[in-house]
Colleague: 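Have a look at the structure that comes next, please.
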Amino acid sequence: GWCIGSALQERMAGGGPPRPAEERVVSANVVAVEAARITPVLTAYGEVRSVRTLELRAPVGGRVAELSPSFADGAVVAAGEVLLRLDPAEAQAARDLAAAALAEAEAGAREAGRALALARDDLAQAEAQLGLRKAALQRQRDIEARGAGSAAAVETAALAEAQAEQALLGSRSALAQAEAGVDQAASAVTRAQIGLAEAERILGDTVIRSAFGGRLDGVAPVVVGGQVNANEVLGQVIDPAALEVRFRLSTAQFARLVDATGAVIAAPLSVRLEVAGAESAATGRVLRAGAAGAEAGGGRVVHAALEGASGLRPGDFVTVAVEEPALDGVADLPATAVDATGRVLALGAEDRLEEVAVEVLRRQGDRVIVAPGALVGREVVAER
């Protein structure tokens with residue numbers, strides 16, 4: 001009985017002849033795959049830096065005699081504006097002494113010039129005297145040769161010639177000394193001019209001006225009547241119109257911004273800073289890349305010049321969106337349409353789905369850029 005019952009239960013469990021499997025029908029959002037020219041956008045994060053920064057230092061020490069009302073953190077200053085003036089009494093006295101020394105040196109140079117002129121006249125006179133003595137000696141020798149003269153007269157004329165030659169040597173020595181005196185006087189004038197220029201520079205250093213327009217930052221607590229030491233840092237001027245952003249890219253990202261010659265292309269970019277719901281934006285272009293690899297984290301460091309960055313300040317941490325070279329014949333799809341292996345569900349005949357592999361070129365937020373291949377014109381599931 002047990003064997004018959006088990007056999008009946010097994011037959012009844014089979015459920016009769018097998019039925020054909022039914023296809024699963026689902027509702028899905030689909031998008032059409034269209035090939036187009038798309039410009040990928042590369043997102044990075046960087047820091048805003050100032051290109052033009054002037055460090056204000058006191059070249060000389062002294063007492064503060066005048067202080068500009070704009071000498072404060074965040075104040076806007078104009079190009080050439082006087083920010084601080086030191087007491088110029090000592091520098092003015094040194095400048096006057098240097099001017100007197102220059103006048104004295106120039107007077108010495110004029111005196112040396114006059115001495116040189118006299119030495120030349122004396123030399124010319126000595127040469128003329130020597131010529132006369134030589135003529136007299138020759139005349140006495142001619143008279144002696146005719147038997148009318150005497151040996152004593154010839155000897156006297158020869159001695160006079162020798163004395164004239166000795167005087168000529170003395171005149172030449174005096175001329176050489178006069179020429180040396182002129183050279184020394186010229187050197188003294190040059191030294192005095194250098195001293196005067198140095199004194200005038202020190203006098204000019206008592207006035208500290210802004211070389212260009214900008215904003216003051218890091219201003220030292222200086223008051224009128226206070227003492228300032230030489231080379232003391234008083235603050236810095238930052239040009240808010242000359243800013244650049246420094247950001248890091250991976251090696252693969254950096255390779256997309258390099259042309260065939262290895263130079264970085266001037267790709268356009270935008271910079272955005274969001275703080276407490278407020279947003280500051282600016283545009284710019286890639287300027288240059290670092291000469292070496294990034295200090296930490298690998299990749300490459302890239303610098304870009306900014307334009308219209310009035311709301312940004314040096315030190316701001318911003319989001320950078322760089323436009324890569326455009327890609328032709330690519331498609332833009334939702335990121336949810338592609339799985340981790342790079343496959344999509346394409347709509348086939350009779351609304352059946354099939355998996356098709358695609359090449360993912362870029363991932364940008366919730367979108368992906370793919371090489372569609374044979375999928376152009378077909379529809380794919382937007383959300384797997």
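What you see is a predicted model, and the numbers here were worked out from it, not measured in a lab.
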Colleague: Would you say CD of Glu274 has more than 12 non-hydrogen atoms from neighbouring residues, nucleotides or ligands within 6.0 angstrom?
Modeller: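 Yes.
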
Colleague: For atom CD of Glu155, is the number of surrounding heavy atoms from other residues, nucleotides or ligands below 6.0 Å larger than 12?
Modeller: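 Counting neighbours around CD of Glu155, 12 or fewer heavy atoms of other residues, nucleotides or ligands fall under 6.0 Å, so no.
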
Colleague: Taking side chain as C-beta onward, heavy atoms only, is Val380 less than 4.5 Å from Val30?
Modeller: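 The answer is no, as the side chains (C-beta and beyond) never meet within the 4.5 Å cut-off.
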
Colleague: Before accepting this row, confirm whether a basic side-chain N of the pair Arg133/Glu161 lies closer than 4.0 Å to the acidic partner's carboxylate O.
Modeller: no

Colleague: Apply side chain to side chain contact (heavy atoms under 4.5 Å, CB included) to residues Asp339 and Arg384 and explain how you reach the verdict.
Modeller: CA-CA 8 Å; Asp339 65 3; Arg384 289 186 60 98; 3.7 Å; yes

Colleague: Considering only heavy atoms from C-beta outward, does the side chain of Glu111 approach that of Arg114 to under 4.5 Å?
Modeller: yes

Colleague: Is there side-chain contact between Ile265 and Pro325, with heavy atoms separated by less than 4.5 Å?
Modeller: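 Contact flag for Ile265/Pro325 side chains = yes.
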
Colleague: Going only through I, L, V, M, F, W and Y residues with side-chain contacts under 4.5 Å, is there a path from Leu83 to Val224?
Modeller: yes

Colleague: How about CD1 on Ile4, more than 12 heavy atoms from neighbouring residues, nucleotides or ligands closer than 6.0 Å, or not?
Modeller: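 Open.
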
Colleague: Which atoms form the tightest heavy-atom contact between Ala78 and Ser210, and what is the distance?
Modeller: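 Scanning both residues completely, I find the closest heavy atoms to be O-CB, 3.7 Å.
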
Colleague: Hey, does the side chain of Ser171 reach the backbone of Ala167 with a donor-acceptor pair shorter than 3.5 angstrom?
Modeller: yes

Colleague: Locate the shortest heavy-atom distance separating Val322 from Val320; write the atom from each residue and the value.
Modeller: CG2-CG1, 3.8 Å

Colleague: Any chain of hydrophobic side-chain contacts (each under 4.5 Å) joining Ile238 to Val51?
Modeller: no

Colleague: Could you grab the distance from atom CD of Gln253 to atom OG1 of Thr43, nearest 0.5 Å is fine?
Modeller: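 If I round to the nearest 0.5 Å, the distance is 8.5 Å.
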
Colleague: So, the side chain of Asn229 versus the backbone of Glu232: is there a donor-acceptor pair under 3.5 Å, distance only?
Modeller: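 Side chain of Asn229 to backbone of Glu232: no pair is present.
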
Colleague: I'd like to know if the side chain of Arg246 and the backbone of Val48 have a donor-acceptor N/O pair within less than 3.5 Å.
Modeller: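 The answer is no, because no donor-acceptor pair under 3.5 Å joins these two groups.
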
Colleague: Given the rule that I, L, V, M, F, W and Y join up when any side-chain heavy atoms are under 4.5 Å apart, are Val318 and Val286 in one cluster?
Modeller: yes

Colleague: Any salt bridge (Lys or Arg N to Asp or Glu O under 4.0 Å) involving residues 254-263? Give me the pairs, sequence neighbours left out, ordered by first then second residue.
Modeller: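 Applying salt bridge (Lys or Arg N to Asp or Glu O under 4.0 Å) to every pair that reaches into residues 254-263, excluding sequence neighbours, yields Arg256-Glu324.
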
Colleague: With a 4.5 Å cut-off on side-chain heavy-atom distances among I, L, V, M, F, W and Y, is there a chain of contacts connecting Val370 to Leu345?
Modeller: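 Shared cluster, no.
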
Colleague: What residues form a side chain to side chain contact (heavy atoms under 4.5 Å, CB included) with Gln184, not counting sequence neighbours?
Modeller: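 With neighbours one apart ignored, the set is empty.
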
Colleague: Does some side-chain heavy atom of Gln129 sit less than 4.5 Å from a side-chain heavy atom of Glu165?
Modeller: no

Colleague: So which pairs with a foot in residues 195-213 pass salt bridge (Lys or Arg N to Asp or Glu O under 4.0 Å), sequence neighbours left out?
Modeller: Arg95-Glu200, Glu198-Arg201, Arg201-Asp205

Colleague: For Ser280 and Arg272, what are the C-alpha separation, side-chain angles and deciding distance, and is it a side chain to side chain contact (heavy atoms under 4.5 Å, CB included)?
Modeller: CA-CA 6 Å; Ser280 297; Arg272 186 176 70 258; over 6 Å; no

Colleague: Apply side chain to side chain contact (heavy atoms under 4.5 Å, CB included) to Leu249 and Leu257, showing your working.
Modeller: CA-CA 10 Å; Leu249 298 177; Leu257 301 179; 3.6 Å; yes

Colleague: Any side chain to side chain donor-acceptor pair (under 3.5 Å) pairs touching residues 213-227, not counting sequence neighbours?
Modeller: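 Output for this query lists Asp217-Gln236.
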
Colleague: My understanding is that a hydrophobic cluster links ILVMFWY residues whose side chain heavy atoms are under 4.5 Å apart, including indirect links. Using that, what else belongs to the cluster containing Leu361?
Modeller: Ile38, Leu327, Val330, Ile369

Colleague: Taking atom CD as the centre, does Glu354 end up with more than 12 heavy-atom neighbours from other residues, nucleotides or ligands that are less than 6.0 angstrom away?
Modeller: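 Check passes, neighbour count above 12.
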
Colleague: Would Leu333 end up clustered with Leu347 when hydrophobic side chains under 4.5 Å apart are linked, directly or stepwise?
Modeller: no

Colleague: Side chain to side chain contact (heavy atoms under 4.5 Å, CB included) between Leu234 and Val219: does it pass, once the steps are laid out?
Modeller: CA-CA 6 Å; Leu234 303 177; Val219 176; over 6 Å; no

Colleague: Taking the basic N atoms (NZ, or NE/NH1/NH2) and the acidic carboxylate oxygens, is any pair closer than 4.0 Å for Arg285 and Glu244?
Modeller: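 Salt bridge flag = no for Glu244 with Arg285.
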
Colleague: Determine whether Arg300 and Thr251 make a side-chain contact, defined as any pair of heavy atoms from C-beta on separated by less than 4.5 Å.
Modeller: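 Side chain of Arg300 against side chain of Thr251, heavy atoms only: contact under 4.5 Å found.
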
Colleague: Evaluate the side-chain proximity of Thr283 to Leu269: yes if any heavy-atom separation is below 4.5 Å, no if none is.
Modeller: no

Colleague: Side-chain heavy atoms under 4.5 Å apart, restricted to Ile/Leu/Val/Met/Phe/Trp/Tyr: what other residues fall into the cluster of Tyr45, or is it alone?
Modeller: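 Traced through the cluster, Tyr45 reaches Phe317.
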
Colleague: The test is side chain to side chain donor-acceptor pair (under 3.5 Å); show your working for Asp96 and Gln92 and say whether it passes.
Modeller: CA-CA 6 Å; Asp96 294 341; Gln92 184 66 44; 3.2 Å; yes

Colleague: Do the non-hydrogen side-chain atoms of Val381 and Asn29 ever get within less than 4.5 Å of each other?
Modeller: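 Contact flag for Val381/Asn29 side chains = no.
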
Colleague: Leu102: which other cluster members, linking ILVMFWY side chains closer than 4.5 Å, directly or transitively?
Modeller: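 Under the 4.5 Å side-chain rule, Leu102 groups with Val189, Leu196.
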
Colleague: At their closest point, which heavy atom of Ala220 faces which heavy atom of Val233, and how far apart are they?
Modeller: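 Answer, listing the atom of Ala220 first, then Val233: CB-O, 3.8 Å.
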
Colleague: Name all residues meeting the side chain to side chain contact (heavy atoms under 4.5 Å, CB included) criterion together with Ala305; count only those two or more places apart in sequence or in a different chain, and write none if there are none.
Modeller: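 Counting only residues at least two positions away or on another chain, Ala305 forms a side chain to side chain contact (heavy atoms under 4.5 Å, CB included) with Leu287.
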
Colleague: Can you measure from CG (Leu54) to CD1 (Ile208) and round to the nearest 0.5 angstrom?
Modeller: 10.0 Å

Colleague: To the closest 0.5 Å, what do you measure between CD (Glu279) and OG1 (Thr319)?
Modeller: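 Between atom CD of Glu279 and atom OG1 of Thr319 there are 9.0 Å.
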
Colleague: Quick one: which residue pairs count as a salt bridge (Lys or Arg N to Asp or Glu O under 4.0 Å) with a foot in residues 328-338, not counting sequence neighbours?
Modeller: Arg37-Asp328, Asp332-Arg367

Colleague: Between Thr206 (side chain only) and Leu203 (backbone N and O only), is there a donor and an acceptor less than 3.5 Å apart?
Modeller: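 Yes; at least one donor-acceptor contact below 3.5 Å.
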
Colleague: Which heavy atom of Ala289 sits nearest to which heavy atom of Val264, and what is that distance?
Modeller: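 Here Ala289 and Val264 meet closest at CB-CG2, 3.6 Å.
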
Colleague: When clusters are formed from ILVMFWY side-chain contacts under 4.5 Å, directly or step by step, what else is grouped with Leu123?
Modeller: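 Leu116, Leu130, Leu168, Leu175, Val182, which link up through side-chain heavy atoms under 4.5 Å apart, make up the rest of the cluster.
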
Colleague: Roughly how far, to the nearest 0.5 Å, is the CG atom of Leu216 from the OG atom of Ser68?
Modeller: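 CG of Leu216 is found 8.5 Å from OG of Ser68.
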
Colleague: Identify, with sequence neighbours excluded, every residue that meets side chain to side chain contact (heavy atoms under 4.5 Å, CB included) alongside Ala321.
Modeller: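 For Ala321 the side chain to side chain contact (heavy atoms under 4.5 Å, CB included) partners, ignoring immediate neighbours, are Val41, Ser270.
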
Colleague: Work out which heavy atom in Val376 is nearest to a heavy atom in Ala35; give both atom names and the distance.
Modeller: CG2-CB, 4.1 Å

Colleague: Output the distance between atom CZ (Arg49) and atom CG (Asp316), rounded to the nearest 0.5 Å.
Modeller: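 So the gap between those two atoms works out to 13.0 Å.
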
Colleague: Show me, pair by pair, the donor-acceptor contacts under 3.5 angstrom made by side chains of residues 55-62, not counting sequence neighbours?
Modeller:
from: Glu55; atom 1: OE1; to: Arg57; atom 2: NE; distance (Å): 2.9
from: Glu55; atom 1: OE1; to: Arg57; atom 2: NH2; distance (Å): 3.4
from: Arg57; atom 1: NH1; to: Asn231; atom 2: O; distance (Å): 2.8

Colleague: In the structure I gave you, are the side-chain heavy atoms of Ser50 and Thr53 within less than 4.5 Å of one another anywhere?
Modeller: yes

Colleague: Examine distances only and state if a side-chain atom of Glu179 and a backbone atom of Ala176 form a donor-acceptor pair shorter than 3.5 Å.
Modeller: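 A pair under 3.5 Å: no.
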
Colleague: Minimum heavy-atom separation for Leu67 and Val223, please, with both atom names.
Modeller: CD2-CA, 4.3 Å

Colleague: So, taking the atom named OG1 in Thr39 and the one named CZ in Arg362, what distance separates them when rounded to the nearest 0.5 Å?
Modeller: 11.0 Å

